[in-house]
Q: 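Following this message is one structure expressed as structure tokens.
Just so you know, residue 1 is the first one in the sequence shown, and it goes up from there.
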Amino acid sequence: MTGLVMQARNSSTRYSKKMLHEFNGKPALEYVMDRCMPVEADYKILATSERSDDNVLVDIAESKGWNVIRGSVDDVLGRFAMAAKNYGLDTVVRVTGDCILMDHRLVNYAVSRFRELDADYLALTNIIDGFDFEVMRGNAVIEADKNAQLPSEREHVSPYIRNSGKFKAVLLPYDEKDLSGIHLSLDYKEDAEVIQNIMNYFQGRDYTYEDVAKLIAENKSILEKTNHIIPNEGYAKSLSVDKDYIEGLKGKALNLDKSNALFDKVSKLIPNCSQTFSKSYLQFSVGSSPLFVKEAKGCHLTDMDNNTFIDFAMGLGSCILGYSFEPVIHEIEKQIRKGSIYSLPHYLEYDLAELLQEVVPCAEMARFGKNGSDVTSAAVKVARAYTGRDHIACCGYHGWQDWYISTTTLNKGIPDEIKKLSLTFKFNDLESLERLFAEHKDKIACVIMEPISLCGPEDNFLQKVKDLAHKNGALLIFDEVVTGFRLAVGGAQEYFGVVPDIACLGKSMGNGMPISAIVGRKEIMRLFNEVFFSFTFGGETLSISAALATIRFMIENRTIDYLWKQGEKLQEG
């Protein structure tokens, strides 16, 4: 697949809203899109920013039948990689919205040469600035997105591909005479006047690159107003930013002024300064670590002081595909226009339940929650109802509800009678569980456990736990809030081949949207007709749409295989 991907935005510092400047009665973006329409491509895509002032550009693109990708205003490479991934592009033709006079014949010629030469990257040299574009292999763009660090590499898409030495880069002279010093792109307001004069000369006729080059050669005065402008000035400026960026990495302390100032304010209004224990300042070093996030994209998190980090935690494990992942956002945006919560169940609830039934071995029926604690507590409740017993044997972390958190040191406010009902055993220690069943004979309703602890199960531990639980009349519940859709699409139960009676899912299920699920055998799950498990936002459709998009993407793109490869990299150092 070939995609013509056009980058454009309205927030240019040199000429704000330049993409709306009218040429021959059309906004600049529409004019250049029309010039590019004959380019031979399977997809034509606008890659713009998420800023609200670029909404008008999206409207123009969609009215022309173009697809749209939106991302960080500064990370243009990220937008192009998103386009390559989302549309399965083998070949990416990068054009810019400020090349108003673009000639499609030049582009088609370059693409054919790109294929003949089996290149990873090709650009025509010696051509006028304002007709320039690049042809790149889609995989090269995606790899550059993973590895490029410098601001110039992120803002200008191709520098990493051209300069890393990993790719076959071809710079193909288009003409013996070098015209690259001639500036005709729309960077400043005076450029617009020169470009319009050139258009006027051709009086509405189609014109080629050669026509424009000939006109300039014969009428040098036509460029009088813009002769002082340096071609590709933006790239030159970004190289100076690179120097500051590299200097900033040389052992300098982080600037955390805004973060620390906000900490003082938040501590007066929000206990622990966070809604989640694992995110709070109690887990970090106040004064030397960032405490509040501003935004995140892919695996990069930016704090209040504009420090950017690689985030290995990824939303406490919930953003398995990356922050602001476009295919998921797309489904959320489609659904939000139809509503998010209703006075009746939504059909998407069935779609997700059916998908879980297909991929999770124990999932004969399903109910949804918002957090892991919702569904682990529902699992304990339904197990008690099914067995008529009250005691719980647990191993691992299972959320904030009384029945579990009473077993930890964070147990203030919980009655002693509740604490007595929750019993703990050790992972990979079957004898510790056998003792509980012996000491509390016929009293344990269920064994609830995370199927992986700090290490994996040894000596067929999970199967032995299942056999022991069933021998003693208890249910086996796998808390797969962490392992679900991570070890395998069907979770640890698929990976290890041990199917529990009930499983609890969450975290990565919705790629950062709040959703969880309890799934299990029909005769147990049907008890939810009597066991009360109900809350207003249980069937909220934005999260359900996100879960459907996330799981389907993981299946279609073999994401689990990729996760294992990444994990191996970390293990190997």
Side-chain angles (χ1 to χ4, degrees), residues 276-280 282-285 289 299 310-320 360 362 371-373 375-377 379-380 392-401 403-411 422-437 446-469 476-500 502-509 516 559-573:
T276 309
F277 182 79
S278 304
K279 299 178 185 177
S280 78
L282 300 171
Q283 306 298 305
F284 297 91
S285 300
S289 296
C299 68
I310 294 175
D311 185 351
F312 285 85
M314 294 305 297
L316 305 184
S318 63
C319 294
I320 195 162
V360 181
C362 78
N371 298 283
S373 296
V375 291
T376 53
S377 298
V380 165
I392 305 300
C394 58
C395 176
Y397 172 77
H398 306 294
W400 70 274
Q401 301 276 15
W403 70 270
Y404 165 71
I405 210 68
S406 65
T407 68
T408 75
T409 56
L410 298 170
N411 58 10
S422 295
L423 317 165
T424 61
F425 66 99
K426 295 179 181 178
F427 195 80
N428 277 335
D429 184 349
L430 196 65
E431 287 185 6
S432 67
L433 181 59
E434 289 173 334
R435 283 195 296 271
L436 292 184
F437 278 116
C446 65
V447 175
I448 180 169
M449 63 181 295
E450 290 184 291
I452 282 186
S453 183
L454 297 177
C455 58
E458 300 169 356
D459 192 25
N460 206 20
F461 179 63
L462 297 180
Q463 185 62 51
K464 289 179 179 178
V465 169
K466 179 178 178 178
D467 295 342
L468 184 60
L476 175 62
I477 302 168
F478 277 176
D479 178 348
E480 296 225 50
V481 171
V482 173
T483 56
F485 312 104
R486 196 177 303 275
L487 291 182
V489 175
Q493 58 189 280
E494 177 190 339
Y495 184 75
F496 293 114
V498 179
V499 180
I502 299 170
C504 304
L505 309 168
K507 283 200 184 285
S508 59
M509 180 177 172
S516 58
T559 301
I560 298 296
D561 294 344
Y562 177 74
L563 295 179
W564 277 98
K565 288 178 183 176
Q566 294 297 85
E568 286 167 6
K569 286 183 189 176
L570 292 174
Q571 289 176 350
E572 293 168 1

Q: Within the structure provided, determine whether Trp564 and Leu487 are in side-chain contact (heavy-atom separation under 4.5 Å).
A: yes
Q: Okay, side chain of Gln493, backbone of Cys362: is any donor-acceptor separation there less than 3.5 Å?
A: yes
Q: Are the side chain of Ser422 and the backbone N or O of Thr407 linked by a donor-acceptor pair below 3.5 Å?
A: no
Q: Hey, could you give me the CE/CD1 distance between Met449 and Ile477, rounded to the nearest 0.5 Å?
A: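 Rounded to the nearest 0.5 Å, the CE-CD1 separation comes to 11.5 Å.
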Q: Quick one: does Val447's side chain get under 4.5 Å of Phe437's, heavy atoms only?
A: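 In short, these two side chains touch, coming nearer than 4.5 Å.
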Q: Does the side chain of Pro457 reach to within under 4.5 Å of the side chain of Asn428, using non-hydrogen atoms?
A: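 Answer yes - side chains close enough.
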Q: Is there a side-chain contact between Val380 and Tyr404 in this structure, where contact means two heavy atoms from C-beta onward sitting under 4.5 Å apart?
A: no
Q: List in chain and number order the residues that pass side chain to side chain contact (heavy atoms under 4.5 Å, CB included) with Ser516, two or more places apart in sequence or in another chain; answer none if no residue qualifies.
A: Asp374, Val375
Q: With side chains defined as the heavy atoms from C-beta onward, is the minimum distance between Met314 and Ile320 less than 4.5 Å?
A: no
Q: Enumerate the residue pairs fulfilling salt bridge (Lys or Arg N to Asp or Glu O under 4.0 Å) with a member in residues 564-573, sequence neighbours excluded, ordered by first and then second residue.
A: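 Sorted result for residues 564-573: empty, none.
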Q: Kindly check if the number of other-residue, nucleotide or ligand heavy atoms within 6.0 Å of CD (Glu431) is above 12?
A: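 No, not enclosed.
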Q: Any sub-3.5 Å donor-acceptor pair from Ser377's side-chain atoms to Gln401's backbone N or O?
A: no
Q: Taking the side chain as everything from C-beta on, heavy atoms only, tell me whether Phe496 gets closer than 4.5 Å to Ile452.
A: yes
Q: Considering non-hydrogen atoms only, spot the tightest contact between Val482 and Glu450 and give its length.
A: CG2-OE2, 4.1 Å
Q: Is it the case that the side chain of Ser453 and the backbone of Phe427 share a donor-acceptor pair, with hydrogens and angles ignored and the cut-off at 3.5 Å?
A: no
Q: Any donor and acceptor pair, going by atom type alone, linking the side chain of Asp459 with main-chain N or O of Phe461 inside 3.5 Å?
A: no
Q: State which residues pass side-chain hydrogen bond (donor to acceptor under 3.5 Å, both in side chains) with Thr483; sequence neighbours excluded, sorted by chain then number.
A: Glu480
Q: Mind checking the CD1-OG1 spacing from Ile502 to Thr376? Nearest 0.5 Å is all I need.
A: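 Answer for the CD1-OG1 pair, Ile502 versus Thr376, is 11.5 Å.
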Q: Are the side chains of Cys394 and Thr424 in contact, using a 4.5 Å heavy-atom criterion?
A: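 Contact flag for Thr424/Cys394 side chains = yes.
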